[in-house]
Student: 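Structure below; questions to follow.
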Amino acid sequence: MSHMWSGRFDSAPDEEIFSFQASFGFDRRLFEDDITGSLAWAEALARAGVLSKVEATEIQQGLTEILECGRADPGFVEGPDEDVHAFVERQLIERVGDAGKRLHTGRSRNEQVSLDLRLYLRRCIEVLQGQLVGLIQVLASQAESAGLAVMPSYTHLRRAQPILVAHYFLAHAASLRRDHRRFEIARDEADLMPLGSGAIAGSSYDIDTEALAARLGFSRVVTNSLDATADRDFVSGFLHACAITMVHLSRIAEDLVIMTSEEFAYFGLSDKVTTGSSLMPQKKNPDPLELVRGKTGRVIGQLTGWLTTMKGLPSGYNKDLQEDKEAIFDAEDSLTGSIRATTIVVGTLSLDIERTEEAAGGMALATDVADLLVAGGVPFREAHEVVGSMVRDLVGRQQDFSSLNSADWQAYHPLLDAGAAAQITARGSIAARRTPQSTQPDAVAAALDEVRQWVRSWEAR
Ligand code: ARG
């Protein structure tokens with residue numbers, strides 16, 4: 001086969017070298033975007049007077065036919081071509097001959113690949129955002145069905161203070177909302193139309209870049225052809241959004257691995273999402289959660305690998321940039337799989353209200369006892385000291401605050417009595433919160449409402 005650039009060369013490339021540097025094996029995923037870009041480019045060339053109306057129509061028909069073939073049979077998008085751009089051009093020339101040979105006028109693969117990737121990311125980000133909305137929705141549903149159930153919160157993985165189970169689920173929804181926003185920013189970063197940049201110096205044809213941008217649904221045109229042909233910041237931004245989302249999914253996974261263990265058993269994993277052991281009959285392993293956690297390292301690796309690739313590049317296009325695609329596709333696939341798996345796992349999670357309720361009491365109420373003293377006018381540091389000694393005694397006797405009678409309370413501090421002690425419960429602790437971001441039940445109900453509304457607003461788009 002002859003190559004797009006064979007005129008300049010005495011001999012065909014070494015086969016092994018050719019296949020080493022070819023990208024068709026993976027950039028075939030840009031097939032539809034390449035056609036989208038080429039359809040618009042043919043129009044722009046016709047407007048500029050480079051192509052006749054007839055030629056432009058022939059090209060458009062040819063491209064549409066190629067697109068249909070590719071849609072009908074993914075196996076069609078294959079061949080000995082160097083990359084997807086070469087494939088589409090070859091197919092076009094096979095179909096429409098000379099007119100097809102004119103399509104690449106004034107255009108370089110350097111700008112073409114940037115355009116294709118931007119178009120691809122625009123599509124893919126929307127899908128990922130939709131999947132994130134789905135997961136956030138499932139977290140909101142768990143929050144809703146948990147009602148007023150309580151559980152302990154943890155700092156340093158030691159029991160801290162009681163919270164509503166709903167507050168726990170909404171915490172994860174909050175981090176995923178930030179990710180959703182970060183993808184919005186990544187999409188905005190990809191929203192610049194690069195055609196007209198040529199290989200590096202710009203086009204010498206009279207291309208209406210603004211019209212081309214509008215035609216392709218971009219809101220802006222790049223401002224510098226040299227920058228544009230080598231810029232992949234939008235790739236870095238996308239990978240960054242993927243990596244942080246994975247970090248959040250990994251933390252959800254880690255929480256659930258711990259809190260569904262026999263030791264905690266706050267939540268139960270459905271049989272549908274667990275795996276047995278080939279040896280130990282009693283096992284129900286949280287494999288999908290572990291895989292989400294595991295894949296996080298890989299996606300972080302794609303981001304750091306990509307930034308490392310970028311850092312040494314001189315200005316202008318360099319073939320190193322071709323590495324962008326596998327990083328994107330792998331991050332996308334890992335993230336999609338992980339969001340979906342997490343959605344199924346969270347959606348099928350059961351709650352053991354008795355276990356969480358029991359764990360939410362006990363010493364997790366020590367701060368509330370201190371707050372009681374503070375309410376009576378005792379300086380907080382002093383209150384901390386008093387309650388600290390109570391905790392020390394109780395822990396030594398393997399008891400908690402509920403075992404103290406009126407005289408016991410009084411012995412620790414005259415402001416403490418049985419009446420005050422009645423307030424020392426997990427529910428009392430939760431009800432005592434005041435701030436909107438707290439676990440106070442009305443605050444949590446309002447937060448849940450807000451999440452529901454947000455989900456609806458995105459579903460409506
Ligand atoms: N396959 C190439 C890539 O993905 C397309 C651009 C090729 N440009 C070039 N000058 N070799 O980056």
Side-chain angles (χ1 to χ4, degrees), residues 1-9 12-38 40-41 66 70 77-93 103-124 190 192-204 222 224-239 302 305-333:
M1 157 196 192
S2 78
H3 298 282
M4 314 175 90
W5 23 258
S6 51
R8 159 84 177 77
F9 290 75
D14 178 274
E15 246 177 68
E16 210 174 320
I17 292 294
F18 181 78
S19 69
F20 173 67
Q21 52 99 42
S23 54
F24 194 28
F26 46 87
D27 69 13
R28 53 200 302 282
R29 211 150 144 168
L30 302 175
F31 170 67
E32 296 212 3
D33 307 288
D34 201 67
I35 303 256
T36 304
S38 292
W41 183 245
I66 297 168
V77 191
E78 250 166 39
D81 310 272
E82 186 186 356
D83 55 27
V84 68
H85 325 292
F87 168 78
V88 171
E89 195 173 330
R90 175 173 65 82
Q91 287 289 337
L92 183 67
I93 294 168
L103 174 64
H104 210 59
T105 312
R107 182 174 71 164
S108 161
R109 282 184 296 162
N110 297 354
E111 53 181 346
Q112 202 179 346
V113 69
S114 163
L115 174 75
D116 291 5
L117 262 189
R118 289 168 185 271
L119 290 171
Y120 180 83
L121 284 182
R122 189 166 77 191
R123 295 195 284 137
C124 132
L192 285 103
M193 204 288 296
L195 296 184
S197 299
I200 187 162
S203 174
S204 50
V222 297
N224 180 300
S225 63
L226 168 57
D227 171 54
T229 44
D231 167 32
R232 293 293 185 277
D233 290 353
F234 62 97
V235 173
S236 311
F238 173 76
L239 293 174
Q302 295 294 2
W306 172 248
L307 291 175
T308 311
T309 296
M310 286 298 286
K311 76 173 267 294
L313 299 186
S315 285
Y317 177 84
N318 296 274
K319 186 77 162 187
D320 316 44
L321 293 175
Q322 180 168 288
E323 292 287 311
D324 56 5
K325 283 167 280 296
E326 284 165 297
I328 288 178
F329 300 151
D330 186 64
E332 178 198 353
D333 293 344

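Read the numbers this way: they start at 1 and go in the same order the structure lists the ligands and their atoms.
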Student: Mark yes or no for whether S225, through its side chain, and I200, through its backbone, hold a donor-acceptor pair below 3.5 Å.
Tutor: yes
Student: Do the charged groups of R29 and D333 touch, with an N to O distance under 4.0 Å?
Tutor: yes
Student: Is it true that R232 and D320 make a salt bridge, defined as a side-chain N closer than 4.0 Å to a carboxylate O?
Tutor: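 Looking at R232 and D320, the cut-off is not met.
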Student: Name each N or O atom in ligand 1 that is under 3.5 Å from a protein N or O, and give the partner atom and the distance.
Tutor:
from	atom 1	to	atom 2	distance (Å)
ligand 1	1 (N)	S23	OG	3.0
ligand 1	1 (N)	D83	OD2	3.2
ligand 1	1 (N)	Q322	OE1	2.8
ligand 1	4 (O)	K325	NZ	2.5
ligand 1	8 (N)	N110	OD1	3.0
ligand 1	10 (N)	N110	OD1	3.1
ligand 1	12 (O)	Y317	OH	2.5

Student: Counting distance only, does the side-chain N/O of E323 pair as donor-acceptor with the main-chain N or O of W306 below 3.5 Å?
Tutor: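 Pair absent, no side-chain N/O of E323 close to backbone of W306.
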Student: Which heavy atom of V77 sits nearest a heavy atom of G70, and at what distance?
Tutor: CG2-CA, 4.0 Å
Student: Salt bridge or not for R109 and E82, using N-O below 4.0 Å?
Tutor: yes
